[in-house]
Peer 1: 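The structure that follows is given in the form of structure tokens.
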2 protein chains.
Amino acid sequence: MYKPATIKDIALALHLSPSTVSRALRDGYEISEETKKLVVAYAEKVNYKSNPIALSLKNKRSYSIGIVVPKLANSFFSQAIAGIESIAYERGYHTIITQTHDSTERERANVHHLAQRSVDGLLISVSAETSDFNFLKTLHDDGLPIVFFDRIIDEIDTFKVTSDNFKGAYNAVESLIKAGKHKIALLSNSPHLSITNERLSGYMKALVDNHIPFRSELIRNCNKGGNDYQEVEDAVKDLLHMPEKPDAIFISSDRISISCVRALKSLNFNPKEIAIAGFANSDVVDLLYPSLSYVKQKSFEMGQIAVEMLLKLIESKYPITEFETRILDTEFHLSPL
Amino acid sequence: MYKPATIKDIALALHLSPSTVSRALRDGYEISEETKKLVVAYAEKVNYKSNPIALSLKNKRSYSIGIVVPKLANSFFSQAIAGIESIAYERGYHTIITQTHDSTERERANVHHLAQRSVDGLLISVSAETSDFNFLKTLHDDGLPIVFFDRIIDEIDTFKVTSDNFKGAYNAVESLIKAGKHKIALLSNSPHLSITNERLSGYMKALVDNHIPFRSELIRNCNKGGNDYQEVEDAVKDLLHMPEKPDAIFISSDRISISCVRALKSLNFNPKEIAIAGFANSDVVDLLYPSLSYVKQKSFEMGQIAVEMLLKLIESKYPITEFETRILDTEFHLSPL
DNA sequence: ATGAAAGCGCTAACAG
DNA sequence: CTGTTAGCGCTTTCAT
């Protein structure tokens with residue numbers, strides 16, 4: 001069985017005490033150069049590695065951070081996680097990733113599981129279903145560092161990072177209008193989410209600025225957030241059966257954009273009859289047919305920023321009281337058609 | 001600051017010894033019903049949760065498993081990870097996910113990092129670049145349980161699970177032949193990988209069975225495995241500039257399939273001139289244009305099976321010497337065109 | 001400059 | 001049935 005060398009082993013071999021070895025290894029100022037060299041050399045030789053579990057127990061720090069996202073298979077989140085990873089790894093932290101599948105119950109269970117695993121902090125993009133965040137607030141009040149990304153909430157005062165959802169939506173809708181579309185439907189995610197509302201505002205503002213009356217009957221909420229394809233197809237079908245059929249659809253959610261493309265394809269609509277524009281982070285969104293204009297978020301970067309904020313929180317010697325909410329630009333890509 | 005209740009706290013409050021409390025909590029047979037009730041009730045009241053780190057130190061078990069995959073953003077792997085998670089979570093393990101980006105160096109670093117973090121076992125799909133697996137063999141010999149999935153290797157004797165790559169490739173190539181294609185090129189991943197070779201065999205066998213001569217000049221290896229788009233585009237361009245241009249391409253790798261679609265699109269080829277069939281697990285592969293026939297692996301299931309094998313290895317009281325390699329069926333989907 | 005001892009939270013002999 | 005003790009690997013007073 002694998003049996004790594006411990007400080008005790010080194011101490012024994014070198015006829016020193018464990019404390020001396022410990023200090024030597026950590027370059028303590030009180031240890032003679034000679035002893036240090038001796039210890040370091042021997043440690044190298046037996047391939048000594050400090051035991052992170054023992055360290056955790058001692059320091060009450062686990063050097064791990066918990067990540068809670070709705071769905072791993074969602075490109076936006078897997079990209080963001082790659083970004084988180086890239087930083088966390090080099091700073092000596094590892095990540096424990098959990099998915100909520102947009103269920104409040106799973107979200108709560110995951111968060112508690114992570115807290116109990118004594119993660120040093122939490123990175124979370126909240127579930128679409130959740131409206132009561134007391135379970136998070138309690139943990140946060142108890143001192144667990146938390147950073148929100150993408151789907152942020154107001155209830156808790158801490159670092160947050162998200163996209164400029166308003167502007168992203170505005171640009172997309174404006175492009176549809178410029179292409180001559182005037183009956184623009186909106187397919188949106190659960191109204192619980194911050195991003196949903198910001199994108200809705202962008203949609204409305206673009207209409208207003210272009211003197212197009214807002215028509216609430218053109219709005220469809222998909223509360224399952226694209227996890228349920230049928231819900232989206234029904235909404236699309238419904239829109240296309242209206243007496244005054246929309247000539248474009250703006251989709252304010254990544255997964256729903258994809259589902260909408262699929263629905264239009266299965267209903268045999270082509271992009272010339274019904275234009276679509278939506279938020280989408282899939283790495284193949286430019287290859288889809290029917291094609292669409294899309295708003296891409298800086299997912300990787302967002303992950304990096306979020307974890308940097310969290311590490312600042314975790315590693316700060318003094319409690320932080322000034323929090324920042326970073327808003328990242330989005331990229332807009334016009335459909336080729 | 002968050003300060004969870006410990007066994008000692010409970011013992012103190014109830015005027016018992018820590019060991020009694022520990023035993024009561026774990027339903028030890030030697031404890032009176034009365035005491036048990038008392039302890040459990042109080043534990044409930046103060047919301048006692050056992051400290052997993054202390055447990056790990058004591059038991060030399062971390063209840064965590066390490067996952068090493070080439071790329072998280074690759075659909076196949078994110079799906080497999082979702083499968084792993086679904087089982088691991090309910091069995092009380094958490095997962096530490098790392099990516100190699102198909103680099104040997106990162107693979108080695110990640111594996112060591114995980115081993116040092118004292119994961120109880122390792123789930124790995126090897127990097128395309130790696131040919132020397134001694135670093136894994138050493139750990140395995142030292143007793144670290146390892147299960148290989150998808151990209152498996154021969155050098156280490158343990159549980160493995162992968163797809164029927166031979167048959168998957170055979171079916172895909174056969175479908176191209178049935179569609180009247182006779183000059184079928186092969187775009188393949190690094191020849192280091194088990195799956196590459198199995199898929200190559202399937203390709204060749206389908207040709208032979210249909211009396212089509214094998215022409216080595218129709219084969220292109222993309223050693224960067226689709227991580228480098230340009231490499232794939234160059235290969236495709238090259239193929240299409242041959243004097244006797246292929247009429248179809250079979251792609252033996254997920255990422256390369258996508259890159260090939262993108263290359264054909266940017267080169268303005270349509271699926272009628274050049275048919276494509278490839279391995280692909282993207283959840284939007286059916287919406288791509290140019291469209292393709294595709295072989296889909298049971299990624300989620302594979303993840304589940306892999307982690308179950310690993311848990312068997314980890315939790316077995318006696319050393320296991322009989323290992324199994326599971327081969328999962330693939331699904332074939334014909335292109336609509 | 002080095003060592004002894006205590007303790008992080010938990011469990012498992014070993015006693016009683 | 002319950003308590004005492006020791007120890008997992010490490011750091012950290014407090015001696016010396």
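Values in this document were obtained by computation on a predicted structure and should not be read as measured data. Because only heavy atoms are used, hydrogens play no part in the values below, and waters and symmetry mates are left out as well, while side chains stay in. Every chain is numbered from 1 and lettered A, B, ... according to where its sequence line falls, protein lines coming before strand lines.
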Peer 1: Phosphate oxygens OP1/OP2 of D:dC1: is one of them under 4.0 Å from a side-chain N or O of B:S32?
Peer 2: no

Peer 1: Should A:D27 and A:K36 count as an ion pair when the cut-off is N to O under 4.0 Å?
Peer 2: yes

Peer 1: Measuring from the side chain of B:K58 (C-beta onward, heavy atoms only), which nucleotide among C:dG3, C:dG9, D:dG3 has the closest atom?
Peer 2: C:dG9

Peer 1: Looking at C:dA4, C:dC8, C:dT11, which one has an atom nearest to any side-chain atom of B:K8?
Peer 2: C:dC8

Peer 1: Under 4.0 Å between a side-chain nitrogen and a carboxylate oxygen: does that hold for B:E315 and B:R91?
Peer 2: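 Looking at B:R91 together with B:E315, the answer is yes, because their closest N to O distance falls below 4.0 Å.
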
Peer 1: Which residue, B:N51 or B:E30, contacts DNA chain C at a nucleotide closer to its 5' end, judged by nearest heavy atom?
Peer 2: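 Result of the comparison: B:N51.
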
Peer 1: Looking at B:T35, does any N or O in its side chain come under 4.0 Å of the phosphate oxygens OP1/OP2 on D:dT2?
Peer 2: yes

Peer 1: Within the 4.0 Å heavy-atom criterion, would you say A:S56 contacts the bases, only the backbone, or no part of the nucleic acid?
Peer 2: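 Answer is nothing: A:S56 stays at 4.0 Å or more from every strand.
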
Peer 1: When all nucleic acid strands are considered with a 4.0 Å heavy-atom cut-off, which category describes B:R26: base, sugar-phosphate, or nothing?
Peer 2: sugar-phosphate

Peer 1: Below 30° counts as parallel, above 60° as perpendicular, anything between as tilted: where do the rings of B:Y89 and A:H113 land?
Peer 2: perpendicular

Peer 1: Take atom CD1 of B:I53 and atom P of D:dC10, then tell me their distance rounded to the nearest Å.
Peer 2: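 Distance check: B:I53 CD1 to D:dC10 P gives 15 Å.
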
Peer 1: After noting the C-alpha distance and the side-chain angles of A:E324 and A:R326, does the key distance pass the side chain to side chain contact (heavy atoms under 4.5 Å, CB included) rule?
Peer 2: CA-CA 6 Å; A:E324 183 194 8; A:R326 285 278 296 275; 3.2 Å; yes

Peer 1: Looking only at side-chain atoms of A:L57, point me to the closest of C:dC8, C:dT11, C:dA4.
Peer 2: C:dC8

Peer 1: Taking the side chain of A:R23 as its heavy atoms from C-beta onward, which of C:dG3, D:dG7, D:dT4 lies nearest to it?
Peer 2: C:dG3

Peer 1: Return the nearest nucleotide to the side chain of B:L55; candidates are D:dC10, D:dC8, C:dC10.
Peer 2: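 Given the options D:dC10, D:dC8, C:dC10, the side chain of B:L55 is closest to C:dC10.
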
Peer 1: What I want to check is whether an N or O donor and acceptor connect the side chain of A:S19 with the base of C:dA4 at under 3.5 Å.
Peer 2: yes

